[in-house]
Novice: 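If you scroll down you'll find the structure; I have some questions about it.
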Amino acid sequence: MGDLTPPQRAAALQTEGPLLVLAAAGSGKTRVITRRIAYLVGIGVPPWQILALTFTNKAAGEMRERVAHLMTQHERQTRGLTITTFHSLGARLLRRYAEVVNLNPEFTIYNSGDQATLVKRVIESMQLSTSNWPARSVLSAISEAKNKLLDAEGYAARAMDFYAKTIAKVFAGYQTALRAAGAVDFDDLLVLTAKLLRDNAQAREECNARWRYLMIDEYQDTNHAQFVIASLLAGKGEPNSNGPNICVVGDPDQAIYGWRGADIGNILDFEENYPKARVIALGENFRSTAPILAVADTLIRRNTRRKHKDLFTRRAGGDRIEVTICRDEHHEAALVTDWFKSLHEHRGEGPAVEAGIAWREMAVFYRTNALSRVMEDAFRAAAIPYTIARGTAFYEREEIKNALAYLRLLANPSDNVSLERIVNTPTRGLGNTTLARVEIFARQNEVQMLEALRSSARGEDSGINARAASAAGKFVELIDGWTGGGTFLGASVGASLAELVGRVIKESGLEEMYRKQAAVSKSEPDDERVDNLAELISSAREFELEFDAASDPAEAAPFAPETPPLLGMLRGYLESVALVADADTVDPSQGAVTMMTLHAAKGLEFPAVAMIGLEEGLLPHSRAAESESQLEEERRLCFVGITRAMRRLSITSAKYRTTRGISERTIPSRFLGEFGQQHVRVSDQSDAFSGNDSTGGPESWSDNRSGSQSLAPHKASNLSSLAGPLPYAVGTLVRHPQFGLGRIKSVVTGSNARAVIDFQAVGTKTLVLEYARLQRV
DNA sequence: AGAGGCAATTTTTTT
DNA sequence: AATTGCCTCT
């Protein structure tokens, strides 16, 4: 422990009773947690009595690895140690206590796409218009309720107006449909776990008996359900103690999930909940240079709702933060690209020979995912290797979703959303008409869709014709072939998960379907989808290897003892796929620049960081402009971004930005003016003719800012010259960036004025003038 | 039944 | 600009 600072050591050694560690950014928080776990085991606590909860799999994995590393150094066992995410823990507990919470132990975890499909179906079945009741907003209302531990009944009881009453009905219908499909959504994983622990003494006592030391990371981002889970898992503690052994670690200044129901009050009120709690603040920063820290500190001091703690470093020196005003997003991307290139190649000036910074040590942060595209193009053009932290992206590809839908149906035959997705993909003669009839039949006989298809195939009259019945028979046979008729046993059923996934992809006809599509489309054979399917098999193989290694005798119980190993593995695999986070895919071993949202950046650090899009409406985001508390959260988001940087930080703000096809004048982010002047170097590169650098600090553009606000809204130049009050004259010759030269044949005026244009190269097209980037010739 | 084309809509962050 | 959904044509 000699290498820890006194407060770090105090936090690691304080094993008994409630402990709140207020860990500033870069203060060695993970180090403290891992050392604490190692210390606990060192003084004789059995590892299986320790439970550490994180938010992402990546954080859990990293912690697990570091603990394992520490322990093997001291030749200690980690067997039974539980380091996992709230959601994974919920999933495991719910499988184990499935009957208690009235849940199918085979349950599938529905992601937001599945949820949307399901609510939409419920909304339609209630004869409501999906345009008045968009799935997204209905779901967010439901999610908000769930995070407060309100169920459909509770929500209905509080619903006063028509809107809330309707949501309540959809909520109830959605919940019924979820359960009918043997499915739970993300929120259910927390809500049902909280209820289980609250209402079932046996489950609670079993957990309390097993886990005697509880640790929670990123506590500032827990929502109410998570708070309840944590409190119940912690229990009351020994009669004469200061309270339970619960150690929470977090930083109120890094709370960025308020929109997801996270309650910053959980950490601010920790001392009220546990009056005898000890509080340890870790304020010393070991990550960033002094100027970076000073800027972060100056910014975050603007927040009123916070507990101030001094951020300090003992290191001296370091470059000033670069703030660059650029013309537009392309210019911005070019500046970042150049900067990264110079950092990479540059071997330092003068006596201090500084090695070039590796690609993997650089990152680009942005507020919204949409900003990544232009950066991506620039990196590709400049041949800079990059990766984007989007964990779900792979699993959201159509071909992968289809393959997974097959697998999910195997693991849970009631999963109707999955069945509907693939029953006719590739097409096998089970179209809408047939399915509608089978669904009626299924409802009348109170059986699952898959069963209804089976009956139809057997010749039972479900109202479908013979041809459809035979198609249904083939489909059911296919499924049974993979599951061994549901047993997951037998010679024809592969013993390996990867083998099963491979069989499904092949025998379902998915592979062939995409191969054919690739052959037909365009000139170049586009095998991307086929390749992705192959990658899915590899991911299953990888999981298989880890599944055995991670399998833990103390946790083996969740699945019923008679569960065939292959089925157990399949469920585990699907669960891991369902719970991936964006940040989970950040792999520092890759020699590539990482691009990610500010949210995904939390908990990471990079020697060189570029933050782009520091503009009003983007950061702070326009949707967060309603309240002061939302604005403060945006400021914290900015703070999180800044504090990820170890040595170099460059921030850009573009004067014009194209969103959804239209370029608009922007206003520099107010946060730029909150950095202070001392440690910032501002350079305005937006004027092509000047290389003017002003070192005056952010104040120097405050005039600029008010100036730009007073400017009349300025639409894209190409459009203001065209879409004016005068309609295009028929016969005008125009040029389109894609379609080339064309002549206007007719024009329809109005709010979405459009023109029919006859292009030389591609023939006649109807274009909306506002979006078509036309030039008069 | 199914594919392809056209039109309307899109605007945050994520387990 | 890009995606999604609806409608029509084969």
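First the proteins, then the strands, lettered A, B, ... as listed; each starts at 1.
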Novice: Measure the distance from CG on A:Asp187 to P on B:dT14 and round it to the nearest whole Å.
Specialist: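 Atom CG in A:Asp187 sits about 16 Å away from atom P in B:dT14.
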Novice: Within this structure, what is the CE-to-C1' distance between A:Met513 and B:dG2, rounded to whole angstrom?
Specialist: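 Computing the A:Met513:CE to B:dG2:C1' distance gives 13 Å.
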Novice: If you look at every strand shown and take non-hydrogen atoms under 4.0 Å, does A:Gly617 touch a base, only sugar-phosphate, or nothing?
Specialist: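 The answer is nothing, as A:Gly617 stays clear of every strand by at least 4.0 Å.
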Novice: Identify whether any heavy atom of A:Arg136 sits under 4.0 Å from a base atom; if not, whether one sits that close to sugar-phosphate; answer base, sugar-phosphate or nothing.
Specialist: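 Sugar-phosphate contact only.
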Novice: Using a 6.0 Å distance limit plus a 45 degree cone around the ring axis, check whether A:Arg260 lies over the aromatic ring of A:Tyr257.
Specialist: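 Yes, A:Arg260 and A:Tyr257 form such a contact.
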Novice: Between P on B:dT14 and CG on A:Leu139, what's the gap in Å once rounded to a whole number?
Specialist: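 Distance check: A:Leu139 CG to B:dT14 P gives 17 Å.
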Novice: Counting side-chain heavy atoms from CB outward, which of B:dT13, C:dA2, B:dT15 is closest to A:Arg373?
Specialist: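 Between B:dT13, C:dA2, B:dT15, the one nearest the side chain of A:Arg373 would be C:dA2.
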Novice: So what does A:Asn369 hit on the nucleic acid, given a heavy-atom distance under 4.0 Å: a base, only sugar-phosphate, or nothing?
Specialist: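 Sugar-phosphate contact only.
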Novice: Validate the cation-pi geometry between A:Arg635 and A:Phe671: distance from NZ or CZ to the six-membered ring centre under 6.0 Å, angle to the ring axis within 45°.
Specialist: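 Checked: cation-pi criterion not met.
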Novice: Within a radius of less than 6.0 Å around CZ of A:Arg380, do more than 12 heavy atoms belonging to other residues, nucleotides or ligands occur?
Specialist: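 Counting other residues, nucleotides and ligands, CZ of A:Arg380 exceeds 12 neighbours.
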Novice: Regarding A:Thr222, tell me which of base, sugar-phosphate or nothing describes its non-hydrogen contacts under 4.0 Å with the strands shown.
Specialist: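 Here A:Thr222 touches no strand at all.
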Novice: Base, sugar-phosphate alone, or nothing: which one does A:Thr85 contact when heavy atoms must sit under 4.0 Å apart?
Specialist: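 No contact at all - A:Thr85 keeps every heavy atom at 4.0 Å or more from the nucleic acid.
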Novice: From B:dT13, B:dT15, C:dA2, pick the nucleotide closest to the side chain of A:Arg367?
Specialist: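 The answer is B:dT13.
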Novice: Would you please say whether a donor-acceptor pair under 3.5 Å links the side chains of A:Asn402 and A:Arg421?
Specialist: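 Yes, because at least one side-chain N or O of A:Asn402 sits under 3.5 Å from a partner of the opposite role on A:Arg421.
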Novice: What is the separation between atom CG on A:Leu190 and atom P on B:dT15, rounded to the nearest whole Å?
Specialist: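 Rounded to the whole Å, the gap is 12 Å.
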Novice: With respect to the side chain of A:Thr597, which nucleotide from B:dA1, B:dT12, B:dT14 is positioned closest?
Specialist: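 Per side-chain heavy atoms of A:Thr597, the pick is B:dT14.
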Novice: In whole angstrom, what separates A:Arg428's CZ from B:dG2's P?
Specialist: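 Rounding to the nearest Å, CZ of A:Arg428 and P of B:dG2 are 11 Å apart.
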Novice: Report the nucleotide, chosen from B:dT13, B:dT12, B:dT15, that has the shortest atom-to-atom distance to any side-chain atom of A:His87.
Specialist: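 Taking heavy atoms from C-beta onward, the closest nucleotide is B:dT15.
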Novice: Heavy atoms under 4.0 Å, any strand shown: does A:Phe186 hit a base, just sugar-phosphate, or nothing?
Specialist: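 Counting heavy atoms under 4.0 Å across all strands, the contact made by A:Phe186 includes a base.
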Novice: Just how far, in rounded Å, is C1' of B:dT14 from OH of A:Tyr257?
Specialist: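 Nearest whole value for this atom pair: 6 Å.
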Novice: For A:Gln115 and B:dT14, give me the distance from atom CD to atom P, rounded to whole Å.
Specialist: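 My rounded result for the distance is 15 Å.
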Novice: Compare side-chain N and O positions of A:Asn424 against OP1 and OP2 of B:dG2 and report whether any pair is under 4.0 Å apart.
Specialist: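 Answer is yes, contact under 4.0 Å.
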Novice: Rounded to the Å, how far apart are A:Arg437 CZ and B:dA1 C1'?
Specialist: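 These atoms are roughly 13 Å apart.
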Novice: Is there a side-chain contact between A:Leu53 and A:Met215 in this structure, where contact means two heavy atoms from C-beta onward sitting under 4.5 Å apart?
Specialist: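 A:Leu53 vs A:Met215: side chains apart.
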Novice: Quick one: which of B:dA1, B:dT12, B:dT14 gets closest to the side chain of A:Trp259?
Specialist: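 So the side chain of A:Trp259 is nearest to B:dT14.
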Novice: Starting the side chain at C-beta, find the nucleotide from B:dT12, B:dT15, B:dA3 nearest to A:Arg260.
Specialist: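 That would be B:dT15.
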Novice: Is the backbone N or O of A:Thr594 less than 3.5 Å from a side-chain atom of A:Thr387, with the two atoms forming a donor-acceptor pair by type?
Specialist: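 No, because the side chain of A:Thr387 does not come within donor-acceptor range (under 3.5 Å) of the backbone of A:Thr594.
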Novice: Write down the distance separating the C1' atoms in B:dT12 and C:dG5, rounded off to the nearest Å.
Specialist: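 Each nucleotide's C1' atom is 23 Å from the other's.
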